[in-house]
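The model shown is predicted, which means the values in this text are computed figures rather than measured ones. The analysis underlying the following values was restricted to heavy atoms, covering all of them including side chains, and did not include hydrogens, waters or symmetry mates.
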Amino acid sequence: MKLLLTGLGWVGRVFVGLVLLTGMANCTQLGLNYASLDVDGKPAAYPPIADDPEGFLAEREMWKARLESHVFGPFPEGVEARLVSHEVIDDAYIGGLASLEEYIIEIQGSGKSRQFTLGIAWPQSDTPVPVIISQSFCGNQTAFQYPDMSPPIDESVSDFCGGGEDSTMSRVARLIFGRYISSPPMEQVLTRGYAYASFYTSELIPDSRKPARALMPDFPHGPRGEITGAVSGWAAGFSAAIDILEDDPRTDPARTAIIGHSRSGKSALVAGTYDRSIDAIIAHQAGTGGTALSRDKPGETVEGMVKNYPHWFDPAYQAFDAEGPNTTPVDMHALIALNAPTPLLIGNGRRDVWSDPNGSWRATLEADPVYKAAGTGGLDQSGMREASADADLVFWMRAGGHAITGQDWDFWLDWLDQVMPQGNEVPAASNTASVSPGN
């Protein structure tokens, strides 16, 4: 902490102190207690789907419509992605390990358009490579630790992290949310043979209630009407990035994965529901409105989330009655199941009660029969701490709180190597068949 505050002015020190004090006032949010491992006596997922998984698959469009009506609003299906420009920023990125590049992408539809910048690091390779696409809480300058990356196209959008890995906000974010919250272990990812792409969600739709709501009527949309929640708009960014990158001959189109953490974990699941070209999905600590069941819920409630982040969802979600008996119109086990048969890893932290690992586990158990009915092996674990790195549906839980850690990335890459099997070989010591990550 002393090192963090060194060099900050008094305003900065006061701000950091207020951030930490606010977090400390909410022990659950900071991760100072443990998620229960016991599912006995907990409310079942409602409406149930496990007893008739084939019926769920047959009525897939109906379940998508339920999620649109009650939670996310329409997904902008039918929009098109257009490449506006492409520039090489550094052809010897990280000591020549990769080429660092930028694509400006435009989403078009309904006579409207929206542009965003996709940064990507391409590893040196003579053959097409698998691509990981992520969403960032910070701009590309921070995500790639490269100050010469372009700032957001929309000058009204600011970089939350202040445009760099060494900014005050970047340091605070890493202190609270883990070493890799704003940038991945880039050298590790590239050495394993993966290209890494990322875009700043707030460049596409600002993560602020008033600017987001003001933008949505002008966001490109398909025949079902305008988007009403930012999560669906951010999900469309994943699809647009895939459309552009799969036209690049360096991409192996059979090995495209997306990763989202927290709010972006929600958008990754929505993207997987609609875009069947995605080959693997990691939804890490997606919590309420993502992977966790909503009834009898510890941590963040639906009511609290829509109060703090109303722009993430359709306004109808504010009327969601999670407490009344059998009143839940749809819950997140359906969102998980709608991603079948795409390989899916659901990430959690044992101390992240705010995101409710127990509710996410029960949702995953309910969705598992749908994955199996869709022709996959589904879950290959009997408990929350027994993740298998070669299963099609994985519940990964490590020690710690709401963060992105090196342990997460180690397991994620091992899993991607397994579920996208044409991937580069990795040393046997790092190829984890089964992991018990502890408390």
Trace of the side-chain contact (heavy atoms from CB on, under 4.5 Å) decision for Phe238 with Ser267: CA-CA 8 Å; Phe238 274 128; Ser267 66; 3.8 Å; yes
Check: Pro217 main-chain N/O paired with Lys112 side-chain donor or acceptor under 3.5 Å: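 Judged by distance alone, yes, a pair lies under 3.5 Å.
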Short side-chain to backbone donor-acceptor contact, Thr288 and Glu300, under 3.5 Å: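 Side chain of Thr288 to backbone of Glu300, a donor-acceptor pair under 3.5 Å: yes, one is there.
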Counterpart residues, side chain to side chain donor-acceptor pair (under 3.5 Å), relative to [X] (two or more places apart):
| X | answer |
| --- | --- |
| Ser85 | none |
| Glu203 | Thr117 |
| Asp154 | Arg114, Ser156 |
| Asp331 | Ser294 |

Ion pair check, Glu101 and Arg250, cut-off under 4.0 Å: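 Salt bridge: yes.
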Geometric class of the Phe199/Phe116 ring pair [parallel <30°, tilted 30-60°, perpendicular >60°]: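 It falls in the tilted class, 30° to 60°.
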Geometric class of the Phe411/Trp396 ring pair [parallel <30°, tilted 30-60°, perpendicular >60°]: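 Ring orientation of Trp396 relative to Phe411: parallel.
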Non-neighbouring partners of Tyr317 that pass ring-ring contact (aromatic ring centres under 6.0 Å, His included), sequence neighbours left out: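 Expected list: Phe313, Phe320.
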Thr201 and Gln135: CA distance, side-chain angles, deciding distance, side chain to side chain donor-acceptor pair (under 3.5 Å) verdict: CA-CA 6 Å; Thr201 51; Gln135 296 180 348; 5.5 Å; no
Check: Trp415 ring centre within less than 6.0 Å of Trp412 ring centre: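 Between Trp415 and Trp412, the centre distance exceeds or equals 6.0 Å.
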Cation-pi check, Arg351 onto Tyr34 ring (under 6.0 Å, within 45° of axis):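 Yes; both conditions hold, so Arg351 lies above the ring face of Tyr34.
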Contact summary for Ala235 and Phe75, nearest pair of heavy atoms: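 For Ala235 versus Phe75, the nearest heavy atoms are CB-CE1, 3.7 Å.
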Residue pair Ser232 / Pro74: nearest heavy atoms and the distance that separates them: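 Between these two residues, the closest heavy atoms are CB-O, 3.7 Å.
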Sub-4.5 Å side-chain heavy-atom contact between Arg350 and Pro357: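 No - every pair of side-chain heavy atoms lies 4.5 Å or more apart.
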Flag side-chain contact, heavy atom, 4.5 Å: Glu68 against Asp314: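 Sidechains of Asp314 and Glu68: no contact.
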Verdict with reasoning, Arg82 to Asp243, per salt bridge (charged side-chain N to carboxylate O under 4.0 Å, His left out): CA-CA 9 Å; Arg82 182 178 74 90; Asp243 289 345; over 6 Å; no
Summary of salt bridge (Lys or Arg N to Asp or Glu O under 4.0 Å) pairs that have at least one residue in residues 123-140, sequence neighbours excluded: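 Salt bridge (Lys or Arg N to Asp or Glu O under 4.0 Å) check on residues 123-140 returns no pairs.
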Residues Tyr194 and Asp417: side-chain donor-acceptor under 3.5 angstrom: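 Side chains of Tyr194 and Asp417: pair found under 3.5 Å.
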